[in-house]
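Comments concern the structure below.
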2 protein chains.
Amino acid sequence: MRIGELAKATGVDVETIRYYEKTGLLDAPARRGNGYRVYARAHLERLSFIRHCRALDLPLADVRRLLCLVGLPRTCCAEIDQLIDVQLARVRARLLSMRALERQLVALRGQCQAPRTASRCGILHELVAAAQGEACVCHRAACEEQP
Amino acid sequence: MRIGELAKATGVDVETIRYYEKTGLLDAPARRGNGYRVYARAHLERLSFIRHCRALDLPLADVRRLLCLVGLPRTCCAEIDQLIDVQLARVRARLLSMRALERQLVALRGQCQAPRTASRCGILHELVAAAQGEACVCHRAACEEQP
DNA sequence: CTTGACCCCGTAGCCGCTCCAGGGATTCTA
DNA sequence: TAGAATCCCTGGAGCGGCTACGGGGTCAAG
Ligand SMILES: [Zn+2]
Ligand SMILES: [Zn+2]
Ligand SMILES: [Zn+2]
Ligand SMILES: [Zn+2]
């Protein structure tokens with residue numbers, strides 16, 4: 001199986017596969033006489049594993065560790081479970097900040113309903129005013145929700 | 001006002017301020033005899049503006065454009081409004097994928113309730129099985145929700 | 001025998017910082 | 001007045017996770 005075929009089979013870009021090899025995440029495969037990489041089933045599975053982990057947005061360092069733990073079946077899995085817990089916490093934190101961001105942007109967007117000149121744009125006006133120390137709609141709203 | 005004072009006043013790190021100057025986002029300030037940067041009120045406001053935009057997660061290229069438009073008051077503000085619209089769309093897209101991610105991670109986490117050996121860890125088992133082509137809890141769930 | 005798809009390698013670029021080494025200036029304390 | 005702590009300077013490297021590029025070699029179809 002050549003690199004392009006592996007790429008198609010896994011949905012991972014060719015360049016990315018080479019990058020994974022360079023960083024030691026994927027074993028260097030055998031080569032044909034012409035220098036082309038030849039992949040075996042084991043590579044396919046390992047790369048699919050990586051891709052699946054990446055779909056969960058796990059950092060490559062975590063993926064590396066997981067791949068390592070697959071080869072150590074006697075280890076306690078607490079570390080694995082914790083990797084997922086930490087990732088879940090990261091995702092939830094991001095979720096919270098994205099929600100706040102959405103609210104802020106909606107509030108800001110509401111400042112300009114119809115196109116005018118820049119000097120009369122409610123959005124720009126708001127951003128400039130906030131920079132001069134005045135409370136801004138986007139962040140003022142967030143603060144008032146607190147109590 | 002020295003760089004450290006500006007940093008404290010705006011909440012922007014000293015290194016970041018220098019970075020903004022290097023990339024032309026913030027004007028190079030005057031210097032004292034000893035080479036220290038001396039900032040004026042205009043810098044403080046400009047940097048506060050940048051920080052506020054960054055709090056909305058606007059890319060620096062957009063911030064740059066906004067700063068440029070502040071100086072062109074006669075321009076139509078449609079471009080400003082659109083910058084915010086695009087950012088809102090980005091945030092909402094991220095929000096959707098974060099929500100999906102949370103569901104997937106929760107499903108995966110549920111595969112291992114109590115610590116065992118790695119070879120019996122439901123999480124690791126799931127990841128490996130998925131790499132071998134079997135449907136995984138995390139992504140299978142997502143697919144079944146579609147219809 | 002040319003065209004086009006595929007493959008190789010090494011390096012640089014993206015974003016938005018963040019940190020480092022290796023120095024100089026200033027200010028506070030003992 | 002010496003030493004320590006704190007500030008400031010510069011240029012450059014490093015982070016993550018790719019992505020793009022330049023300049024080439026290989027191979028099968030038409
Ligand atoms: Zn407007
Ligand atoms: Zn605001
Ligand atoms: Zn487990
Ligand atoms: Zn899955």
Side-chain angles (χ1 to χ4, degrees), chain A residues 1-26 28-39 43 46-67 83 86-87 90-91 93-94 97 101, chain B residues 1-26 28-39 43 46-67 83 86-87 90-91 93-94 97 101:
Chain A
M1 180 176 233
R2 276 173 310 161
I3 198 170
E5 294 165 326
L6 181 63
K8 204 170 278 177
T10 55
V12 177
D13 191 89
V14 167
E15 303 274 16
T16 305
I17 296 174
R18 282 199 280 252
Y19 168 73
Y20 286 165
E21 179 182 330
K22 193 163 53 186
T23 59
L25 205 58
L26 199 59
R31 300 285 183 132
R32 276 205 273 178
N34 55 16
Y36 287 18
R37 291 170 176 82
V38 190
Y39 293 96
H43 290 101
R46 195 175 166 96
L47 186 54
S48 299
F49 184 97
I50 296 169
R51 182 171 141 74
H52 192 219
C53 292
R54 289 294 300 140
L56 295 168
D57 210 28
L58 286 165
L60 290 183
D62 286 8
V63 180
R64 205 182 299 275
R65 186 69 187 137
L66 285 173
L67 281 165
L83 281 186
V86 168
Q87 176 65 359
R90 269 195 296 256
V91 167
R94 286 260 296 265
S97 80
L101 215 43
Chain B
M1 179 177 235
R2 278 173 309 161
I3 197 168
E5 295 165 325
L6 182 63
K8 203 170 279 177
T10 56
V12 177
D13 192 89
V14 167
E15 301 276 17
T16 304
I17 296 174
R18 283 199 279 254
Y19 168 74
Y20 286 165
E21 180 183 331
K22 195 163 52 186
T23 59
L25 205 59
L26 200 58
R31 300 287 182 130
R32 275 206 275 178
N34 55 14
Y36 287 18
R37 291 169 176 83
V38 189
Y39 293 96
H43 290 102
R46 198 176 164 97
L47 185 55
S48 299
F49 183 97
I50 297 169
R51 183 171 140 74
H52 191 219
C53 291
R54 290 294 300 140
L56 295 168
D57 209 29
L58 287 166
L60 289 183
D62 287 9
V63 180
R64 204 182 299 275
R65 187 66 187 138
L66 285 174
L67 281 165
L83 282 187
V86 167
Q87 176 66 358
R90 268 195 297 256
V91 166
R94 284 262 297 268
S97 80
L101 215 44

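Below, chains carry the letters A, B, ... as their sequence lines are ordered, and counting in each starts from 1.
- For B/Arg2 and D/dC9, the shortest distance from a side-chain N or O to OP1 or OP2 is not below 4.0 Å.
- To the nearest 0.5 Å, the span separating NE2 on A/His43 from CD1 on A/Ile50 amounts to 10.0 Å.
- The shortest distance between the side-chain N/O atoms of B/Arg37 and the OP1/OP2 oxygens of D/dC9 is below 4.0 Å.
- Spacing between atom CD1 of B/Ile50 and atom C1' of C/dC15 amounts to 16 Å, rounded to whole angstrom units.
- Separation of atoms SG (A/Cys53) and CZ (A/Arg65) is listed at 13.5 Å; rounding is to 0.5 Å.
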Anything under 3.5 Å between a donor and an acceptor, one on a side chain of residues 5-17 of chain B, the other on a protein residue two or more places apart or in another chain? List them.
{"unit_1": "B/Glu5", "atom_1": "OE1", "unit_2": "B/Arg2", "atom_2": "N", "d": "2.7"}
{"unit_1": "B/Thr10", "atom_1": "OG1", "unit_2": "B/Leu6", "atom_2": "O", "d": "2.8"}
{"unit_1": "B/Thr10", "atom_1": "OG1", "unit_2": "B/Val12", "atom_2": "N", "d": "3.3"}
{"unit_1": "B/Asp13", "atom_1": "OD2", "unit_2": "B/Glu15", "atom_2": "N", "d": "2.9"}

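- Taken to the nearest 0.5 Å, the CZ atom of A/Arg54 stands 12.5 Å off from the CG atom of A/Leu47.
- The separation between B/Ile3 atom CD1 and D/dC7 atom P is 13 Å, rounded to whole Å.
- C/dA5 atom P lies 17 Å from atom CD of A/Glu5, rounded to whole Å.
- Within 4.0 Å of A/Arg31, counting heavy atoms only, lie sugar-phosphate atoms of the nucleic acid but no base atom.
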Checklist outcome for this item: Expected string for nucleotides 17-26 of chain D under the B/S/- scheme (protein heavy atoms, under 4.0 Å, primed atoms plus P, OP1, OP2 as sugar-phosphate) is BBSBB---BB

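- Put simply, CG on B/Leu47 is 11 Å from P on C/dC17, counting in whole angstrom units.
- The two atoms that bring B/Tyr19 and B/Leu60 nearest to each other are CE2-CD1, 3.9 Å, heavy atoms only.
- Screening residues 55-64 of chain A for salt bridge (Lys or Arg N to Asp or Glu O under 4.0 Å), with sequence neighbours left out, gives A/Asp62-A/Arg90.
- To the nearest 0.5 Å, atoms CG (B/Leu26) and CZ (B/Arg46) are separated by 6.5 Å.
- Here the C1' atom of nucleotide D/dC7 and the CG atom of B/Leu6 are 15 Å apart, to the nearest Å.
- For A/Tyr20, there are no ring pair (Phe, Tyr, Trp, His ring centres under 6.0 Å) partners two or more places apart in sequence or in a different chain.
- The distance from atom CE of B/Met1 to atom P of D/dC7 is 15 Å, rounded to the nearest whole Å.
- Annotation: the terminal axes of the helix from C/dC1-D/dG30 to C/dA30-D/dT1 meet at 10°, where each axis is the rotation carrying the C1' atoms of four end pairs onto the next four (5 pairs per end, rounded to 10°).
- Between the P atom of D/dC15 and the CG atom of A/Asp62 lies a distance of 17 Å, rounded to the nearest Å.
- The nearest whole Å value for the distance from the CD1 atom in B/Ile17 to the C1' atom in C/dT18 is 14 Å.
- Scored by the side-chain hydrogen bond (donor to acceptor under 3.5 Å, both in side chains) test, B/Arg37 finds B/Glu21 as partners (sequence neighbours excluded).
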